[in-house]
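One-based numbering along the sequence shown. Counting convention: from 1, in listed order, for ligands and their atoms alike. As a basis for the values below, the full set of heavy atoms in this structure was taken, side chains included, without hydrogen atoms, waters or symmetry mates.
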Amino acid sequence: MSDKPWSGRFSEDTNKLVEAFTASIDIDKRLYSYDIAGSIAHAKMLSKNSIITAEESELLVHGLEEIKKEIEEGVFTFKISLEDIHMHIESRLFEKIGKTAHKLHTARSRNDQVALDVRMYLREETKNISYLLIALRKIFVDLANKYIDVILPGYTHLQRAQVILFSHYLMAYYEMFTRDYVRIKESLKRTNVMPLGSAALAGTTYPIDRKYTASLLNFPEISANSIDAVSDRDFIIEFISIASMTMVHLSRISEELILWSSSEFKFIDLPDAFATGSSIMPQKKNPDVAELVRGKSGRVFGNLMAILTIMKSLPLAYNRDMQEDKNTLFDTVDTLKGCLEVYIAMLPNIKVNKEKMFNATEKGYLNATDLADYLVCKGMPFREAHGCVGKAVSYGIDKNKELNELSFEELKAFSNLIEEDIFNILTAEEMINRRKTFGATSKQNVISSIKEAYRQIEKDF
Ligand code: ARG
């Protein structure tokens, strides 16, 4: 005879292929602790509202607690025929306490049960990921503080553009990961809503107390519509889209770490403990960690496409398609946490090659804008100044000299407005520190944003 709780209306045993095909236990067993916590709260609520007796509730709760131990001790048997974690736990409960076990599913369906489990899982992981994001943000601020004076070329189109402080560049990542942090914290409000009591889709005829169950499970809110509650996976889509954004940011810094550790740049040196070698080329030190983080962003974006596609045409309410939500969610959580953890460990240990960075600012006419701005200050309209400096750059390219390497006479030939004070203006420190408007790269600005960031991080922790 079938061991399935739904086998009543069936005259044949389930085909073995179908059993294996529909089972999700390998994936959803990781929800066991939430499933058990949800069931315990549900049993307590049922007895409080006299739907079952206090003795029955105690028996259920005790049995569930024992099952939790069995799973944690690795003595629990999982089998494909029991489909998912919900049926496994219920069936084991029956083995342990007999018929009373069958009262647990009163006023409940697997549809609201699975929605509850996933929400409980995700709210916990959301908190874990928020902490990892705070830790990562702090690392960027610490690095900015440590390398406050280091100067490097800023790039646009990957061409040298203008000089910037390395600390300002690091704080740009602080801003990105702070937005990610705010987004993920915000999303918790929508995940942290209790669906239990919606039953299959229409609610239930029993006099349940959903708010009581919610209070036992620490949910600040209960879902307002039973159909929505069992159909909704927006909270998963939202989480994976936030995770995707974070992966974009991680992937962009990965790209820079890879590029900057190449022999062509040599701006940084990755710690040996976080690099790998080649099986054939003895000289190689490869940035595999950064490459994998960059590559894993593709996985997470794939998960986002998968969950969007799974959900997009589903009629209300629950459809079995939705069982596929868990692969996308679990894989995203694991991947994102893995990437954050490895960067939290690696980034503080990168070596920064200040000389290489600074030397790179000395070639490439990074001070052209500043020469134009100088002319504008002396009364020349900006477009005219742009043209004038363009000619000076072209002349410099011919002579193989930077603007600051031209003699005063050579410079003066491009405009009478140029005076001896120009040479001071064209130094890297001066170009950086004259950019003092809010958000710009001057050292004073970066120092204030570092202070502000530490204040913010303290509040967030
Ligand atoms: N394993 C299922 C899932 O993950 C649980 C819900 C099953 N509900 C149902 N009516 N078959 O979605």
>> Regarding Arg110 and Glu83, does a basic nitrogen lie under 4.0 Å from an acidic carboxylate oxygen?
In response: yes

> What protein heavy atom sits nearest atom 11 (N) of ligand 1, and how far away is it?
Replying inline: Arg110 NH2, 3.7 Å

>> Using the side-chain contact (heavy atoms from CB on, under 4.5 Å) definition, which of the options Leu122, Val193, Leu329 pairs with Phe235?
In response: Leu122

> Tell me: protein heavy atom nearest atom 8 (N) of ligand 1, and distance?
Replying inline: Asn111 OD1, 3.0 Å

>> So if I count the atoms of ligand 1 from 1 in the order they appear, which ones are less than 4.0 Å from some heavy atom of Ser24?
In response: 1 (N)

> Which of the atoms in ligand 1, numbered in the order shown and given with their element, are less than 4.0 Å from a heavy-atom of Gln323?
Replying inline: 1 (N), 2 (C), 3 (C), 4 (O), 12 (O)

> To the nearest 0.1 Å, how far is atom 12 (O) of ligand 1 from its closest protein heavy atom, and which atom is that?
Replying inline: Tyr318 OH, 2.3 Å

> Just heavy atoms, cut-off under 4.0 Å: does Glu83 contact ligand 1 by side chain, backbone, both, or neither?
Replying inline: neither

> Do Thr437 side-chain atoms and Ala440 backbone N/O form a donor-acceptor pair below 3.5 Å?
Replying inline: no

>> Between the side chains of Lys16 and Glu19, is the shortest nitrogen-to-carboxylate-oxygen separation below 4.0 Å, so that they form an ion pair?
In response: yes

>> Given Leu201, Val230, Asp84, identify the one with the heavy atom nearest to atom 5 (C) of ligand 1.
In response: Asp84

> Which atoms from ligand 1 have a heavy atom of Lys326 less than 4.0 Å away?
Replying inline: 3 (C), 4 (O), 12 (O)

> For the residue pair Phe140 and Phe177, does the interplanar ring angle fall in the parallel (under 30°), tilted (30 to 60°) or perpendicular (over 60°) class?
Replying inline: parallel

>> Below 30° counts as parallel, above 60° as perpendicular, anything between as tilted: where do the rings of Phe76 and His88 land?
In response: tilted

